[in-house]
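Along the sequence shown, residues carry numbers from 1. Since the structure is predicted, the reported quantities are computational estimates derived from the model, not experimental observations.
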Amino acid sequence: MPQGTMAQIAANQSTCPACGAGDLAFAPILHHMICAYVGPSYDFVETSEGYLCPKCRHGIASGDPACEILGTSARCGACGSEMIVSPRSALSRS
């Protein structure tokens, strides 16, 4: 896979498409509507009240209407590659 390319994987995929390791960690993709930041939940700093946005440093409490979940991402613990989980495969899992 070329450097800088974001892969899309199925929700039930358990191996990294870049290195073949079975070390994928899944995380929701959050959209902070106050500043338009979009990124995986691990980009946001956890606080006792919820999260802190990495872009605007605004606090986000649980259930905050200014933050929504857009989808799911995955990151390989072995090589650090990041992937988007196909929304189509996530829906078919339910």
Indicate the atoms forming the closest heavy-atom contact of Val85 with Ala10, along with that distance. CG1-C, 4.2 Å
Is Leu24 close to Ser14 at the side-chain level, that is, under 4.5 Å between some pair of heavy atoms? no
Flag yes if Tyr42 and Ile69 sit in one hydrophobic cluster, no otherwise; membership is Ile, Leu, Val, Met, Phe, Trp, Tyr, and two members link when side-chain heavy atoms are under 4.5 Å apart. no
A side-chain contact here means heavy atoms from C-beta on lying under 4.5 Å apart; do Pro17 and Met83 qualify? yes
Side-chain heavy atoms nearer than 4.5 Å, only ILVMFWY residues, links allowed to pass through others: does that put Ile84 and Val38 together? yes
Here the gap from Asp64 atom CG to Met33 atom CE, rounded to the nearest 0.5 Å, amounts to 8.0 Å
Verdict with reasoning, Tyr37 to His31, per side-chain contact (heavy atoms from CB on, under 4.5 Å): CA-CA 6 Å; Tyr37 184 82; His31 171 213; over 6 Å; no
Drop me the distance from Thr72's OG1 to Ile29's CD1, to the nearest 0.5 angstrom. 6.5 Å
Point-to-point distance, once rounded to the nearest 0.5 Å, from SG of Cys67 to CZ of Phe44: 5.0 Å
Going from SG on Cys56 to CD1 on Ile34, what distance comes out if it is rounded to the nearest 0.5 angstrom? 7.0 Å
Val45 side chain reached by Arg57 side chain, heavy atoms, under 4.5 Å: yes
Report the C-alpha distance between Leu30 and Leu70 in whole Å, list the side-chain angles of each, state the deciding distance to 0.1 Å, and finish with yes or no for side-chain contact (heavy atoms from CB on, under 4.5 Å). CA-CA 6 Å; Leu30 304 178; Leu70 297 179; over 6 Å; no
Return the minimal non-hydrogen interatomic distance between Leu52 and Gly59, and the atom names on each side. CD1-N, 3.9 Å
Answer whether the closest heavy-atom distance between the side chains of Cys35 and His58 falls below 4.5 Å. no
Hey, does Ser73 have a side-chain heavy atom less than 4.5 Å from the side chain of Phe26? no
